[in-house]
Amino acid sequence: MNKNCIKVEKLSKNFINNKVVVNVLNNLNLNLETGKIIALVGPSGSGKSTLLHLLALLDKPTNGKITILGEPTQNITENKRNQLIRNHISIIFQNNNLLLDFTAVENVAMPLIIRNKNYNSSIKEAESYLRKVNLGHRLNHFPSDLSGGEQQRVAIARSLINNPDLILADEMTGNLDEYTAKEIFDFFLNFIKSSNKSLIFVTHNKNFSRQAEENYIISNKMLKK
Ligand code: ADP
Ligand code: MG
């Protein structure tokens, strides 16, 4: 296995707003070893989500290099990029992004179904992941009939079903009450710790960030420990 999950070199990202260039990240470097857990903190608007989107290959840097599992990504084909995402990377959002017209089990099975895996076996697999997140009794519920915490458990199961090497979690408990947030976070972190996956999670909760092996803050458009 590749020792380096992510290597980021001199990463910069600009957005153009009303013809004005806004520089959000500037000359940012990061090394994430396989199996490491990193917390990312920083004030609202500092570029945390921008960074996670770039690492998830959902957006392209203005400058700099991102290497994922030894694969340089700056000049890869669309096809190769999609393969890297599907086989190795998962992102979890604050607002779980579940598909409202599909049941819990269908949502979780979706990453397999879009990879053309057999429908029935994808559903079976999704059921077993929902049981792992203690939702075996909610398989056929639609997202609107689940609580916020349950919806986020579905999103977690969906993010794990591809067996990703890298998980990026963007304020995943930010919409939940304190008690549910802790319950979901503890469950999620224990699962990740027992699985040798690499994780970067964004949080404003100090009790959560101190459980990471390393803490980074985005400051001055760069990462600092
Ligand atoms: P954080 O997640 O730390 O709150 P973001 O990464 O969402 O911050 O945003 C960082 C900055 O980049 C903000 O000033 C935001 O307005 C700007 N920004 C983010 N996405 C875009 C976009 N697609 N177009 C223009 N500006 C953006
Ligand atoms: Mg954000």
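Keep in mind that the numbers below use all heavy atoms, side chains included, and drop hydrogens, waters and symmetry copies.
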Only counting residues at least two apart or in another chain, list the ones meeting side-chain hydrogen bond (donor to acceptor under 3.5 Å, both in side chains) with [X].
| X | value |
| --- | --- |
| E127 | none |
| N95 | none |
| N220 | none |
| N205 | none |

Looking at side-chain heavy atoms only, is the closest gap between [X] and [Y] below 4.5 Å?
| X | Y | answer |
| --- | --- | --- |
| N4 | N31 | yes |
| K48 | L52 | no |
| T67 | T73 | no |

Please determine whether side chain to side chain contact (heavy atoms under 4.5 Å, CB included) holds for the pair N120 and K124, giving the CA-CA distance in whole Å, both sets of side-chain angles, and the decisive distance to 0.1 Å. CA-CA 6 Å; N120 287 334; K124 278 252 149 23; 5.8 Å; no
Identify each donor-acceptor pair in which a side-chain atom of residues 54-63 lies under 3.5 Å from a protein atom, sequence neighbours left out, and give them as a table.
residue	atom	partner	partner atom	Å
D59	OD1	K13	NZ	3.3
D59	OD2	K13	NZ	3.3
T62	OG1	N14	N	2.7

Side-chain polar contacts of residues 178-185 - donor-acceptor pairs under 3.5 angstrom, sequence neighbours left out - could you list them?
residue	atom	partner	partner atom	Å
T180	OG1	D177	OD1	3.0
T180	OG1	D177	OD2	2.7
K182	NZ	D186	OD2	2.6
E183	OE1	R153	NH2	3.2

Please give the remaining members of the hydrophobic cluster of [X], linking ILVMFWY side chains under 4.5 Å, ordered by chain and number.
| X | answer |
| --- | --- |
| V21 | I16 |
| F142 | none |
| V41 | I217 |

Salt bridge (charged side-chain N to carboxylate O under 4.0 Å, His left out) with K65: which residues, sequence neighbours excluded?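 Counting only residues at least two positions away or on another chain, K65 forms no salt bridge (charged side-chain N to carboxylate O under 4.0 Å, His left out).
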Could you tell me which residues satisfy salt bridge (charged side-chain N to carboxylate O under 4.0 Å, His left out) with E150, sequence neighbours excluded, listed by chain and number?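 Listed in chain order: R138.
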List in chain and number order the residues that pass side chain to side chain contact (heavy atoms under 4.5 Å, CB included) with V20, two or more places apart in sequence or in another chain; answer none if no residue qualifies.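 By the side chain to side chain contact (heavy atoms under 4.5 Å, CB included) rule, V20 matches no residue at all.
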Looking just at side-chain N and O atoms, do R210 and N207 make a donor-acceptor pair shorter than 3.5 Å?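 Note: R210 and N207 side chains meet the donor-acceptor criterion.
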Judged by modelled atom types alone, do N175 and Q94 share a side-chain donor-acceptor pair under 3.5 Å?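 Yes, because at least one side-chain N or O of N175 sits under 3.5 Å from a partner of the opposite role on Q94.
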I would like to know whether Y129 and I156 meet side chain to side chain contact (heavy atoms under 4.5 Å, CB included); could you show each step before the answer? CA-CA 9 Å; Y129 270 86; I156 289 171; over 6 Å; no
Same cluster or not: M222 versus I200, using hydrophobic residues (I, L, V, M, F, W, Y) connected whenever any side-chain heavy atoms lie under 4.5 Å apart?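 Shared cluster, no.
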Do the charged groups of K80 and E71 touch, with an N to O distance under 4.0 Å?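 Yes, K80 and E71 are salt-bridged.
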Can you tell me if NZ on K193 sees more than 12 non-hydrogen neighbours from other groups inside 6.0 Å?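 More than 12 within 6.0 Å, yes.
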